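Chain A is the first sequence line, chain B the second, and so forth, proteins listed ahead of strands; every chain is numbered from 1. Since the structure is predicted, the reported quantities are computational estimates derived from the model, not experimental observations.
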Amino acid sequence: VTRVRVFTAAVVGQCLIVVTGGVVRLTSSGLGCPTWPRCTQDSFVPVARPGADSSSGAEVHVWIEFGNRLVALALGAVCVLCVVLAHRCGPPGARSWAWLQLAGVVGQGVVGGVSVLADLTPLVVAAHFVLSTALIYVSLRLRHHMQGPRSSATRAAARATSARPADATLAAVVVTVGLGTLLTAAGPHSGGTDVDRLDLDVGAFAVVHGAAALLALASVMLTGLALATARAPSGVRRLAVVTFTLLCGQLTTGAVQYSTGLPIAVVAVHLLGAAVCVACAAQLQIVTRAPRTPAARGLLDGDGLTAGTRRRTSGTRA
Amino acid sequence: MIGWLQVIVVGLSLLLGVVVVVYVARDRAADVWLVGGFGVLEALLLVQAGVGCIQLATTGRDVDGLVFVGYLLGSLLVPPAALVWSLAERSRSGSAVLLVGALTVPVLVSRLQAVWTAGPGVL
């Protein structure tokens, strides 16, 4: 049970690094460390440069960018631990996900490095973000594997009725995030100064991004209705409500940031929301996923949210 | 565009929001009182949609009509959608859906107002 926390920590880390990476961009600290993998020409860590103008805020940029690299390093360490745990006490299915997660985090380091070396070219920065959202999914699949097999008839019913709307929800959320990533690549927060931007009609593209979000909202409502009518476990149903609430929040912060000229605090919240929405939609899809083979039906593994809730309720009753 | 009608719509939805918070806090599912409250809200939104469309047709101002009507009609969907889900989901989570719905309406009205005045609005 404790070891599942390591995998939960990996999920949280995958979401948080989206925010620290976002802060790098929003504070224009993308080139705070002007090179990669070293921070400066001759050091891996920031060093005070004699004669550097400390009043220009350059020092702050260095530490923000270096902070993001440190977070990545910590996340990498957690992912190594995940690989070890998956090999020592995980089911066979968990191992490949653990390795995939580690490879993804290392790959993210490289893509981040390329984005620095390529002077923050928008499409590389966009790929850096999109890969992070993919890693959120990977970390959730891995965590799901590590929770071990749990099965019940109600859960099978939940899968039968809700798998498709949950798939649609995840698909719509992914499309929305992808469109939002292109949108921000055309926006003012480039991560540096004098950085190329994508040439898009921002006004029209924002409407498309919003429409995709509405589609995600409609899908999650269908998922919630299907789960409720199938008498799915309350934890899964609550997850649908949480996803719905987060999506409504995202639509609100999106409208707010659009109409107030993209203040960085609001954009950071929108980014965190995007990461958490992806995580919730992915978890919803994972726990309602239909088993691949009939033989696997007997070995359905459950979801941690439900298990956690059940532990808590039984605790209060006792 | 804004006037007493918007004030009443926002006021009622915020009031419903407060009431729903009590329901969520006390772990109660939606009952006939909440359904009635959201029904009244829906009726007011219908009136707003009618008045809004008439004003859009008669105004001399330069308003983005498509977005404006989009917000007017979109707001009509909120109370029924929230009610349907909360009646299927007879639990605290179902009431939470109503809370989200009640808080969404003021956001939509604010955006509606922003589109009408072509300004930043409250939100």
* Look at atom CG of B:Asp31 and say whether more than 12 heavy atoms of other residues, nucleotides or ligands are closer to it than 6.0 Å. => yes
* Structure fact -> Whatever's closer than 4.5 Å to a heavy atom in chain A on B:Val67 counts as neither
* Structure fact -> Residues of residues 9-22 of chain B with a heavy atom under 4.5 Å from any heavy atom of chain A, in residue-number order, are none
* Asked: Which bit of A:Ala218 is near chain B, if near means a heavy-atom gap under 4.5 Å: side chain, backbone, both or neither?
  -> neither
* To the nearest 0.5 Å, tell me how far B:Glu89 CD sits from A:Arg238 CZ. => 9.0 Å
* Look at atom CZ of B:Arg26 and say whether more than 12 heavy atoms of other residues, nucleotides or ligands are closer to it than 6.0 Å. => no
* Asked: Going by heavy atoms in the side chains, are B:Arg111 and A:Ser259 under 4.5 Å from each other?
  -> yes
* Asked: Roughly how far, to the nearest 0.5 Å, is the OG1 atom of B:Thr104 from the CG atom of A:Leu251?
  -> 8.5 Å
* To do: Please report the closest heavy-atom contact between B:Ala88 and A:Ala228, naming both atoms and the distance.
  => O-CB, 3.6 Å
* Structure fact -> On a heavy-atom basis, the closest approach of B:Trp85 and A:Leu225 is CA-CD2, 3.8 Å
* **Within residues 168-191 of chain A, residues adjacent to chain B where the heavy-atom gap is under 4.5 Å** => none
